[in-house]
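Below, all heavy atoms of this structure are taken into account, side chains as well, without hydrogens, waters or symmetry copies. All values reported here derive from a predicted model rather than from experimental measurement.
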Amino acid sequence: MRYQKLENQEASWKWSYLIRKYREGEKITRYAENSLEESKVQELIECQNYPEKIEEWINNHLSADLPVKLDQAIRARRKRFFNAEKQSTKKKSIDLEYAVWFRLSRYSQKMKMTLSETIMYMIDERESKALYESQMTAMKAGLKNLLKK
């Protein structure tokens with residue numbers, strides 16, 4: 001396994017995930033009766049700071065539809081958590097208008113690069129062009145000075 005499991009942290013993530021799903025109106029318990037479901041959700045809310053009780057609640061009361069989704073969500077959260085520790089693996093995002101993204105995407109495909117590589121390439125090209133222009137300006141000024149003498 002690539003990412004270490006931290007039981008306390010993951011129990012907290014599970015608790016947050018389940019409470020969010022409940023507030024969004026999803027059924028998180030296996031019970032059909034509303035009053036029983038409400039009491040079990042209240043139990044879960046009270047277990048917030050007790051990782052063992054959260055795990056026990058999940059084993060005893062979780063809806064049959066949720067275990068796979070819960071595992072996927074926790075696995076993704078674990079990956080983001082550990083990748084965020086290093087600057088190089090932390091994901092960043094930018095907002096692009098669709099037309100800009102589309103042109104960048106087409107250019108990336110043409111260059112056989114990722115979007116990030118294409119952006120870096122374009123920045124490098126622009127910096128090289130600016131350096132070249134400043135060198136040309138300096139050379140022109142030098143030539144003018146020589147011709148004046």
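With rounding to the nearest 0.5 Å, the separation of CD in Gln48 from OG in Ser12 is 7.0 Å. Within the model, atoms SG of Cys47 and CD of Gln42 stand 10.0 Å from one another, a figure rounded to the nearest 0.5 Å. The CD atom of Glu125 sits 11.5 Å away from atom CD1 of Ile123, with the distance rounded to the nearest 0.5 Å. With rounding to the nearest 0.5 angstrom, the CZ atom of Arg75 is 11.5 Å from the NZ atom of Lys79. If you take CE on Met136 and CG on Leu143, they are separated by 9.0 Å, rounding to the nearest 0.5 Å. Note: Thr29 OG1 to Leu18 CG = 10.5 Å, rounded to the nearest 0.5 Å.
With hydrogens and angles ignored, the 3.5 Å screen pairs no side-chain donor or acceptor of Ser105 with any backbone N or O of Trp101. Side chain of Arg30 to main chain of Ala64: no donor-acceptor pair is present (N/O by atom type, distance under 3.5 Å, no hydrogens or angles).
Other residues, nucleotides and ligands contribute over 12 non-hydrogen atoms within 6.0 Å of the CZ atom of Arg20. Residue Met111 places its CE atom among more than 12 non-hydrogen atoms of other residues, nucleotides or ligands, all under 6.0 Å distant. The 12-atom threshold is not exceeded at NZ of Lys53, counting heavy atoms of other residues, nucleotides or ligands nearer than 6.0 Å. Annotation: Glu24, atom CD; neighbour count of heavy atoms from other residues, nucleotides and ligands within 6.0 Å is above 12.
One hydrophobic cluster holds both Ile45 and Leu70 under the rule that ILVMFWY side chains link at heavy-atom gaps under 4.5 Å. The hydrophobic clustering, which links ILVMFWY residues whose side-chain heavy atoms are closer than 4.5 Å, places Met122 and Leu131 apart. Hydrophobic clustering places Leu104 together with Ile94 (ILVMFWY residues linked when any side-chain heavy atoms are closer than 4.5 Å, directly or through intermediates). If you chain together hydrophobic residues whose side chains sit under 4.5 Å apart, Ile74 and Phe82 fall into the same group. No continuous path of ILVMFWY side-chain contacts below 4.5 Å connects Met113 to Met120, so the two sit in separate hydrophobic clusters.
Note on residues 57-72: pairs passing side-chain hydrogen bond (donor to acceptor under 3.5 Å, both in side chains), not counting sequence neighbours, are Tyr31-His61.
Partners of Gln109 by side-chain hydrogen bond (donor to acceptor under 3.5 Å, both in side chains), not counting sequence neighbours: none found.
Between Tyr98 and Phe102, the ring planes are parallel. Angles under 30° get that label, and only those over 60° would be called perpendicular.
Between Ile28 and Glu37 the shortest heavy-atom distance is N-OE2, 3.7 Å. When all heavy atoms of Leu66 and Tyr17 are compared, the closest pair comes out as CD2-OH, 4.4 Å. Of all heavy-atom pairs between Ser108 and Thr114, the closest is OG-O, 3.8 Å.
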Report the C-alpha distance between Ser39 and Leu36 in whole Å, list the side-chain angles of each, state the deciding distance to 0.1 Å, and finish with yes or no for side chain to side chain contact (heavy atoms under 4.5 Å, CB included).
CA-CA 5 Å; Ser39 69; Leu36 184 56; 3.9 Å; yes
Please determine whether side chain to side chain contact (heavy atoms under 4.5 Å, CB included) holds for the pair Glu7 and Glu55, giving the CA-CA distance in whole Å, both sets of side-chain angles, and the decisive distance to 0.1 Å.
CA-CA 9 Å; Glu7 272 77 25; Glu55 292 297 331; over 6 Å; no
Between Leu44 and Ile58, is the side chain to side chain contact (heavy atoms under 4.5 Å, CB included) condition met? List the steps.
CA-CA 9 Å; Leu44 177 62; Ile58 290 170; 5.6 Å; no
Can you check side chain to side chain contact (heavy atoms under 4.5 Å, CB included) on Arg78 and Trp13, steps first, answer last?
CA-CA 9 Å; Arg78 186 184 313 129; Trp13 293 337; 4.1 Å; yes
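The residues Glu43 and Lys40 are annotated as salt-bridged, a charged nitrogen and a carboxylate oxygen being separated by less than 4.0 angstrom.
For the pair Tyr50/Trp15, no side-chain contact is recorded, criterion being any heavy-atom separation below 4.5 Å from C-beta on.
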